[in-house]
Amino acid sequence: MIRNERGLLLVISGPSGVGKGTICKELESPDTILSVSATTRQPREGEEHGKNYFFYDKETFENMIAEDQLMEWAEYCGNYYGTPRAFVEDMLNQGKNVILEIEVQGAMKIKQKHPEGVYIFILPPSLQELKKRIEGRGTETPEAIESRMAQVTRELSYGSEYQYYVENDLVENAVSKIRAIMEAENAKVARCTAELL
Ligand code: ADP
Ligand code: 5GP
């Protein structure tokens, strides 16, 4: 019998609009939990506090940094984003896989402390398709779209720091590739105990 005592810490990054949120929602299951980040950005229509993000003002976020409540945090397009530590550690200790859907600077901070994590970078089929998706989502102003598109080259330059590239051509393809990665990672001897009863 093969057992994983601890869940996988999955870190998923990629440019805005590539489909990270869509893919992560599909990966969510009783065994695979999405971490809910804290942010100072304004909620989009339909987003809920505690579900999509914990929406805080700048002062509250800065207090969380000062009190070391965040595993990592970063500034992206003028707002703070960060991962509350306690929830992630609790889920991993319970043997759940935890997904952090975070931008590249935060991912690099996690990588320094968690070499055992699984680092996945999502790519769009093309730059044109990326722009189409972010515009099609209809949640950002033209200025915010420009600001996000201006990050893409910098973000791509971090790609080589990750362990897996996954192209999001079709959502179901990207999801099944990530499921395959999770299965292979969970089968690694270093992550398992095996016993015959
Ligand atoms: P991100 O979380 O990376 O910013 P989203 O998951 O919000 O991106 O996706 C951005 C937009 O692209 C959404 O409108 C979503 O429905 C759409 N989308 C996601 N994946 C695909 C895909 N494979 N093909 C076409 N559209 C997609
Ligand atoms: P959005 O505003 O589109 O929801 O997110 C903007 C960027 O912030 C995305 O690249 C997203 O992955 C990233 N992000 C979301 N939560 C966190 C977090 O907790 N930490 C970091 N570093 N980035 C985050």
Side-chain angles (χ1 to χ4, degrees), residues 9-28 33-56 60-61 64-65 69-88 98-114 117 119-141 143-156 158-159 161-162 166-178:
L9 177 63
L10 285 156
V11 178
I12 298 188
S13 304
S16 184
V18 72
K20 301 179 296 296
T22 308
I23 291 168
C24 289
K25 227 175 276 155
E26 290 292 318
L27 292 167
E28 193 175 18
I33 312 294
L34 308 185
S35 155
V36 179
S37 296
T39 185
T40 58
R41 118 159 134 59
Q42 290 300 309
R44 294 175 184 143
E45 212 182 305
E47 282 186 331
E48 287 175 39
H49 179 80
K51 188 169 169 226
N52 305 88
Y53 279 104
F54 295 104
F55 295 100
Y56 294 130
T60 308
F61 195 101
M64 291 177 82
I65 298 173
Q69 290 180 34
L70 300 174
M71 268 179 98
E72 61 74 36
W73 63 273
E75 221 173 323
Y76 174 86
C77 291
N79 286 302
Y80 285 135
Y81 293 83
T83 305
R85 183 195 306 282
F87 178 78
V88 175
V98 178
I99 300 184
L100 309 186
E101 188 247 282
I102 63 177
E103 55 68 61
V104 291
Q105 301 163 70
M108 293 304 100
K109 289 186 207 158
I110 298 281
K111 198 180 161 204
Q112 279 175 5
K113 289 192 208 138
H114 295 275
Y119 296 84
I120 300 175
F121 196 91
I122 313 281
L123 289 163
S126 68
L127 211 52
Q128 198 189 8
E129 173 64 17
L130 180 67
K131 188 138 194 251
K132 205 173 117 193
R133 285 185 194 172
I134 195 172
E135 286 171 352
R137 189 171 64 193
T139 51
E140 261 71 33
T141 61
E143 296 73 40
I145 291 177
E146 280 315 306
S147 160
R148 284 162 179 253
M149 288 301 292
Q151 306 296 321
V152 175
T153 310
R154 181 184 62 84
E155 290 172 316
L156 278 182
Y158 283 87
E161 297 286 339
Y162 288 70
V166 171
E167 187 179 310
N168 180 20
D169 45 3
L170 292 175
V171 175
E172 65 246 48
N173 289 349
V175 168
S176 66
K177 278 182 204 160
I178 294 175

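None of the values given here were measured: they were computed from a predicted structure. All ligand and atom numbering here is 1-based and tracks the order in the structure.
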Which of the atoms in ligand 1, numbered in the order shown and given with their element, are less than 4.0 Å from a heavy-atom of Gly21?
-> 1 (P), 2 (O), 6 (O)

Heavy atom of the protein closest to atom 16 (O) of ligand 1 (residue, atom name, distance) = Thr22 OG1, 4.1 Å

Is any side-chain heavy atom of Arg154 less than 4.5 Å from a side-chain heavy atom of Val104?
-> yes

Side chain or backbone of Ala174 under 4.0 Å from ligand 1, or both, or neither, by non-hydrogen atoms?
-> neither

Report the C-alpha distance between Lys132 and Glu135 in whole Å, list the side-chain angles of each, state the deciding distance to 0.1 Å, and finish with yes or no for salt bridge (Lys or Arg N to Asp or Glu O under 4.0 Å).
-> CA-CA 5 Å; Lys132 205 173 117 193; Glu135 286 171 352; over 6 Å; no

Ranked by distance from atom 8 (O) of ligand 1, the top protein heavy atom is Gly19 N, 3.1 Å

With a 3.5 Å cut-off and sequence neighbours excluded, list the donor-acceptor pairs that the side chains of residues 15-28 form with protein atoms.
unit_1, atom_1, unit_2, atom_2, d
Ser16, OG, Arg148, NH1, 2.8
Lys20, NZ, Gly14, O, 3.0
Lys20, NZ, Pro15, O, 3.1

Identify the protein heavy atom lying closest to atom 7 (O) of ligand 1, giving its residue, its atom name and the separation to 0.1 Å.
-> Arg137 NH1, 2.8 Å

Would you please indicate if the ring centroids of Trp73 and Tyr80 are separated by under 6.0 Å?
-> yes

How close does the nearest protein non-hydrogen atom get to atom 20 (N) of ligand 1, and which residue and atom is it?
-> Asn168 ND2, 3.1 Å

Validation row: Ile120, Val11 side chains within 4.5 angstrom (heavy atoms) | no

Could you check if a side-chain atom of Glu140 sits within less than 4.5 angstrom of a side-chain atom of Arg44, using non-hydrogen atoms only?
-> yes

A student checking ligand 1 against Pro15 at a 4.0 Å heavy-atom cut-off should list atoms 3 (O)

Could I get the full list of ring-ring contact (aromatic ring centres under 6.0 Å, His included) partners for Tyr158, not counting sequence neighbours?
-> none

Is there any salt bridge (charged side-chain N to carboxylate O under 4.0 Å, His left out) pair reaching into residues 99-114, and which pairs are they, with sequence neighbours excluded?
-> Lys111-Glu161

Which of the ligand 1 atoms, numbered from 1, are nearer than 4.0 Å to a heavy atom of Val171 | 20 (N), 21 (C), 22 (C), 23 (N)

For the rings on Phe61 and Tyr56, is their centre-to-centre separation under 6.0 Å?
-> no

Please tell me if the side chains of Leu9 and Ile110 come closer than 4.5 Å, counting only heavy atoms from C-beta onward.
-> yes

Mind checking whether Tyr162 and Phe121 have parallel, tilted or perpendicular rings, split at 30° and 60°?
-> perpendicular

Select one of side chain, backbone, both or neither to describe which atoms of Leu170 lie under 4.0 Å from any atom of ligand 1, heavy atoms only.
-> backbone

4.5 Å side-chain heavy-atom contact, Cys77 and Glu143 = no

Check each atom of ligand 1 against the heavy atoms of Lys20 and keep those under 4.0 Å away; list them by number with element.
-> 1 (P), 2 (O), 3 (O), 4 (O), 6 (O), 8 (O)

How far is atom 10 (C) of ligand 1 from its nearest protein heavy atom, and which residue and atom is that?
-> Gly17 O, 3.5 Å

Distance from atom 11 (C) of ligand 1 to nearest protein heavy atom, with residue and atom = Arg133 O, 3.6 Å

What atoms in ligand 1 come closer than 4.0 Å to a heavy atom of Asp169?
-> 22 (C), 23 (N), 24 (N)

Can you name the residues that come within less than 4.0 Å of ligand 2, going by heavy atoms only?
-> Lys20, Ser37, Arg41, Arg44, Tyr53, Glu72, Ala74, Tyr76, Tyr81, Gly82, Thr83, Glu101, Ile102, Glu103, Gly106, Arg148

